[in-house]
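FYI, side chains are in, hydrogens and waters are out, and symmetry mates aren't considered; it's all heavy atoms of this structure. Computed from a prediction, not measured in an experiment: that's the story for all the values here. Along the sequence shown, residues are numbered consecutively beginning with 1.
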Amino acid sequence: MIRIESSENVKHPWTGLPDVEAEAAFAKALPAIHGFMSAYRKELVKRYDQGKYFWELRSCAYWHEFEQPKIVVPAIQNKVDYAPDLTGFYSNDKTSIIVDDRWTYLLAVLNSSVSWWLTQQFFASKQGGFYEFKPMYVAQVPIPPSSDRKRELMDGPVKAIVAGASDNRLEQLLNGFVYELFFKDDLHARSLTLFDEAESAGLGKLAGLEGSELVKAGEEFAATNLIPGARLRTMLSDLATLDVVRIVEGRE
C-alpha cells in the first residue's frame, strides 16, 4: 500500500506549493511512486477523497491509531467476529477500528454470547442473517464496569488465545466471565462465582507471560480446571440452567 498523507496532516517537501511546483517536488522526492501514479493520473485527479494534491490520501487525523493495538470490526457479519491486531495493519473502509488500552477486556466482551444477542436486538439486519457492524451500532453495545482484578483475570486467557492457544475451553471461560459481568446477581444467587473460582485455581498466574510460554500455561490451566468434574467446569455447565442464559442463547 502506498500511503501518502494529506498535506493538511503532514508536512511534505511539496506542501504549500502551487500544483505544478508541488508535483515537481513530489517527482524529485519520490520518483518511482510519481512514475507509477502518473499512469493513473486521470483516475486519481477525479477522486473525491484525495488530499491537497491528487497523489495524496484524504485528510485523516487518526492515521497513528492504526499502529496501536486495536480491535478490527468487519462491516457486515453473521456472528460476532471482532479481531485483534497487534501488528499495525491498516484496514480499509469495509472495517472500523476500536483503539483502547483495555483491548483484551473489550475483545472478550464483544465476542461473547451476550454481545451477539445485543447485536440481534439493536443492529440493522441484512439478508441471510447478516448484520451491519457500523460504529453507530457497535457504540450501542454496553460495556459492563469491572474491577482491575477481573480485567486482569480475563487478560491472560485472551492473550493466550491471540498468541495461538487452540483450546476452545478458554473461550468458554471468557464467555462465562462476561455472563457474570452482565448478570452478577443471577449467577451469584446460584453460587456461580466464576471469577473467584478461577482466581483460586490459579488463573492469575498467566499474567506477565508471553508467547509460547503463555500458550502452554493457558492450555495447561484448561486441561486441569476446565475438564468434567472440575469445579470451574461444573460452574460453566450450570450456566445453562439460568433463565437469562437460555434467553440470550435462544433456548427459551
Side-chain angles (χ1 to χ4, degrees), residues 1-77 80-111 115 118-119 122-124 126 130-146 148 151 154-155 158-159 162:
M1 182 178 72
I2 299 174
R3 191 194 89 181
I4 303 178
E5 298 178 48
S6 171
S7 290
E8 296 176 10
N9 303 128
V10 173
K11 183 173 177 58
H12 300 291
W14 57 84
T15 299
L17 296 176
D19 288 353
V20 174
E21 294 179 32
E23 186 169 355
F26 168 50
K28 182 178 180 181
L30 301 169
I33 294 176
H34 174 263
F36 173 79
M37 287 189 167
S38 293
Y40 302 95
R41 177 183 296 273
K42 289 183 179 180
E43 295 87 342
L44 292 171
V45 168
K46 293 178 182 179
R47 283 190 308 131
Y48 73 90
D49 61 345
Q50 63 184 267
K52 181 69 174 176
Y53 306 99
F54 76 82
W55 57 86
E56 295 179 343
L57 293 167
R58 66 183 177 185
S59 179
C60 177
Y62 54 88
W63 277 112
H64 64 286
E65 299 287 13
F66 285 100
E67 299 170 1
Q68 308 301 314
K70 61 183 177 292
I71 297 172
V72 179
V73 187
I76 299 177
Q77 279 289 341
V80 284
D81 199 14
Y82 297 85
D85 172 35
L86 309 182
T87 55
F89 280 107
Y90 290 82
S91 56
N92 62 19
D93 62 352
K94 299 303 180 184
T95 64
S96 54
I97 61 173
I98 300 171
V99 180
D100 195 291
D101 291 340
R102 306 167 301 160
W103 70 267
T104 55
Y105 178 66
L106 295 179
L107 190 66
V109 172
L110 292 172
N111 278 328
S115 175
L118 291 167
T119 296
F122 303 122
F123 290 25
K126 310 284 283 186
F130 287 81
Y131 290 83
E132 293 185 7
F133 283 73
K134 293 181 178 179
M136 62 184 290
Y137 299 125
V138 175
Q140 296 183 50
V141 178
I143 303 300
S146 177
D148 290 343
R151 287 196 297 273
M154 296 174 72
D155 183 77
V158 171
K159 288 184 175 178
V162 172

Can you tell if the side chain of [X] reaches within under 4.5 Å of the side chain of [Y], non-hydrogen atoms only?
| X | Y | answer |
| --- | --- | --- |
| Ile33 | Ile2 | yes |
| Phe36 | Pro31 | no |
| Tyr53 | Ser6 | no |
| Phe133 | Pro74 | no |
| Lys159 | Asp155 | yes |

For [X], what residues pass the side chain to side chain contact (heavy atoms under 4.5 Å, CB included) criterion, not counting sequence neighbours?
| X | result |
| --- | --- |
| Asp85 | Lys70, Val72, Thr87, Phe89 |
| Gln68 | Glu65, Val99 |
| Pro13 | Ala29 |

Ignoring hydrogens and angles, tell me if any N or O in the side chain of [X] forms a donor-acceptor pair with the backbone of [Y] under 3.5 Å.
| X | Y | result |
| --- | --- | --- |
| Ser7 | Thr15 | no |
| Thr119 | Ser115 | yes |
| Glu67 | Trp63 | no |

Worksheet item: Rounded to the nearest 0.5 Å, how far apart are CD1 of Ile98 and OH of Tyr82?
Response: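 Interatomic distance, Ile98 CD1 to Tyr82 OH, rounded to 0.5 Å: 6.5 Å.
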
Worksheet item: Distance from Ile71 atom CD1 to Thr104 atom OG1, nearest 0.5 Å?
Response: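 Rounded to the nearest 0.5 Å, the CD1-OG1 separation comes to 8.5 Å.
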
Under the ring pair (Phe, Tyr, Trp, His ring centres under 6.0 Å) test, residues paired with [X] that sit two or more places apart:
| X | result |
| --- | --- |
| Phe26 | Trp14, His34, Trp55 |
| Phe130 | none |
| Tyr137 | Phe123 |

Sort and list the pairs that fulfil salt bridge (Lys or Arg N to Asp or Glu O under 4.0 Å) and have at least one residue in [range], not counting sequence neighbours.
| range | value |
| --- | --- |
| residues 86-101 | Asp100-Arg102 |
| residues 25-44 | Glu23-Arg41 |
| residues 48-64 | Arg47-Asp49 |
| residues 4-18 | Arg3-Glu5 |

Worksheet item: Sequence neighbours excluded, which residues qualify as salt bridge (charged side-chain N to carboxylate O under 4.0 Å, His left out) partners of Glu132?
Response: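 Counting only residues at least two positions away or on another chain, Glu132 forms a salt bridge (charged side-chain N to carboxylate O under 4.0 Å, His left out) with Lys126, Lys134.
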
Worksheet entry | Residues, nucleotides or ligands: over 12 heavy atoms within 6.0 Å of Tyr90 OH |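 Correct, the count exceeds 12.
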
Worksheet entry | Residues forming a side chain to side chain donor-acceptor pair (under 3.5 Å) with Ser96, sequence neighbours excluded |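 For Ser96 there are no side chain to side chain donor-acceptor pair (under 3.5 Å) partners, ignoring immediate neighbours.
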
